[in-house]
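The block underneath contains the structure these notes are about, expressed in structure tokens.
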Amino acid sequence: MSQFLQVLLSGLATGSIYALAAIGFALVWQAAQTVNFAQGEFVMVPAFFVLIGMGFFGMPFWLALAFGLALSMLVLGYAFKKLIVEPILPHGGITLIIATMALAILLKETVKESYSAEAQPFPALFSNAPMNFFGAAVSIQDILNLIVSLSIVVVLTLFLNRTRTGRSMQAAAQNPAVAEILGVNVKRMVLYTFLINAALASLAAFLITPVYLAKFSNGETIGLIAFIAAIVGGFNQIRGALVGGLLIGVLDNLTATYVTAQYRAALPLVLLIMIILVRPQGIMGTSEGRSV
Amino acid sequence: MLELRNLVGGYGKITILNGVSFSIPKGTITTMIGPNGAGKSTVFKAIFGLLKIESGNVLIDGQDVTRQTPRQMIAHGVTYVPQGRNIVPQLSVYHNLELGGVTAPDQDKVKQRIETVMDQFPMLREFRNRKAVELSGGQQKQLEVARALLLDPKLILIDEPSIGLSPVLVQEVFKTLIRLRDQGVTILMVEQNAKAALAMSDYGIVLELGQTRMHDKASNLLVDPRVGQLFLGGHVEEASPADAH
Ligand SMILES: Nc1ncnc2c1ncn2[C@@H]1O[C@H](COP(=O)(O)OP(=O)(O)OP(=O)(O)O)[C@@H](O)[C@H]1O
Ligand SMILES: [Mg+2]
């Protein structure tokens with residue numbers, strides 16, 4: 001029982017971090033019909049921004065985190081929208097998908113060639129010490145990762161639902177033509193979405209990299225998981241992406257512990273196929289209407 | 001109040017409007033009719049800054065507003081209710097209304113206006129916390145009309161409000177428009193339901209192939225045999241204001 005609790009909690013912790021990437025993925029899809037196959041690399045790169053901040057500019061860790069967040073929003077948010085999505089989207093969704101795939105390779109190779117091909121240690125935000133939780137020895141890091149990512153989701157949801165800017169963003173995503181005739185600055189709302197996505201990816205990076213170490217190839221799994229979590233959850237919904245992320249995190253940990261760790265990487269795909277067969281609209285999704 | 005001078009424009013390389021000219025006076029209702037594809041909706045888009053205008057002018061109260069953005073048009077007191085469904089599906093009725101005032105600097109005033117508008121449409125107050133997508137088609141149209149009133153517009157462009165509405169609801173919408181007209185608001189409407197629409201209008205415009213073909217008092221158009229043949233199903237003599245009820 002205590003082992004189960006331990007496995008469950010650490011699964012939820014990792015899953016909640018996946019969820020951050022999945023939510024960003026879903027937001028960008030809704031606001032700009034962009035299926036971002038570089039989302040995993042968007043989680044990989046910010047860790048290197050932080051390492052550059054510390055190693056190259058000699059920043060203390062906390063400042064390097066702020067630097068990494070800001071630089072990610074600039075590069076993976078603003079520049080991504082202006083230089084890739086805006087010029088390519090008019091040529092069609094498929095073209096844009098291919099462009100994001102190319103971007104993924106570019107980011108990976110750039111990090112590999114210009115920084116390092118080896119996994120780099122990354123300072124932990126939270127202590128890894130174990131803590132007694134109802135008889136289970138869980139790491140403080142897991143608990144805090146879970147709390148922090150869930151708080152981020154709560155703040156984001158409150159922002160989207162409780163502020164006028166958030167609601168204008170929803171309008172721009174759900175019905176851009178109407179948003180425009182009502183005077184919503186649709187372009188700016190879409191830009192906000194890209195900035196939020198970059199911020200979510202960076203925060204996911206800051207939480208997950210201490211566990212996985214910083215490596216150029218980190219994005220491969222995370223990107224796939226974010227994509228699958230978004231689909232499992234219903235592609236259009238924050239809630240869905242959250243549930244999808246948590247589900248994958250937990251199932252992944254459970255199978256690795258109780259069944260086999262060997263086919264671990266295949267699990268999200270199996271889940272994806274099952275969902276497509278049973279509930280093509282996703283767990284939380286409805287077949288009609290887009291929603292944030 | 002609103003004047004179009006020889007407006008030419010279209011989508012990409014295709015020209016749809018081939019010189020549309022008319023002017024409509026303040027505090028009147030004008031109905032624009034014409035066959036499908038004549039360019040009626042395109043005229044609205046051109047006025048509201050959603051169309052590439054090649055030449056010609058749009059004037060509001062004598063001021064040239066050609067090629068201004070929707071946000072600028074809203075600032076001039078114009079609102080636009082397009083054809084079809086125009087709600088934000090997953091936002092509540094209340095927040096859809098709020099979006100009607102999204103450009104206003106004074107949001108406290110917008111809150112007051114929402115209350116006033118909900119007084120005029122009690123259904124919206126009742127369902128204020130429902131998602132807009134959960135309303136019926138007729139209720140959604142009422143929501144759109146109400147939302148268009150949020151900033152106290154001077155000019156309302158309304159495109160085929162009766163589509164999908166029951167006859168009773170159509171009369172409700174028409175009554176709202178008449179009440180607004182009596183308050184001094186100028187209304188330009190496109191309606192398939194030409195007889196009923198002309199019957200409640202002051203003026204009528206016939207648009208064909210992207211050009212103004214006729215522009216007259218609505219009562220004259222109602223009895224004009226050419227209009228009757230073209231758009232009113234040939235039974236012109238039956239067309240009287242009584243048909244609207
Ligand atoms: N977005 C668009 N891109 C290209 N062509 C368009 C577009 N919208 C409309 N058209 C074309 O412009 C012409 C006029 O369309 P418009 O919608 O203005 O007609 P309408 O008079 O409003 O017709 P209806 O009574 O069917 O609403 C049509 O030939 C239509 O196919
Ligand atoms: Mg039309």
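Quick note on labels: first sequence line is chain A, next is B, and so on, each numbered from 1.
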Proximity breakdown for [X] and chain A, heavy-atom pairs closer than 4.5 Å:
| X | value |
| --- | --- |
| Ile74(B) | side chain |
| Glu144(B) | neither |
| Phe48(B) | side chain |
| Gln72(B) | neither |
| Ile87(B) | backbone |

Task: Separation of Thr193(A) OG1 from Arg188(A) CZ (nearest 0.5 Å) - done: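 That separation rounds to 13.0 Å.
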
TODO: State whether Arg113(B) and Asp152(B) are salt-bridged, where the test is any N-O pair (Lys NZ or Arg NE/NH1/NH2 against Asp/Glu carboxylate O) under 4.0 Å.
DONE: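 Yes.
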
Task: Lys/Arg N to Asp/Glu carboxylate O, Glu180(A) vs Arg71(B), below 4.0 Å - done: no

Task: Winner by heavy-atom pair count (cut-off under 4.5 Å) against chain B, out of Ala171(A), Gly183(A), Ser168(A), Ala177(A) - done: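 So the answer, after comparing Ala171(A), Gly183(A), Ser168(A), Ala177(A), is Gly183(A).
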
Task: Centroid separation Phe25(A) to Phe42(A) less than 6.0 Å - done: no

Task: Check: Asn161(A) main-chain N/O paired with Arg167(A) side-chain donor or acceptor under 3.5 Å - done: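 Flag set: sc Arg167(A) to bb Asn161(A) pair under 3.5 Å.
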
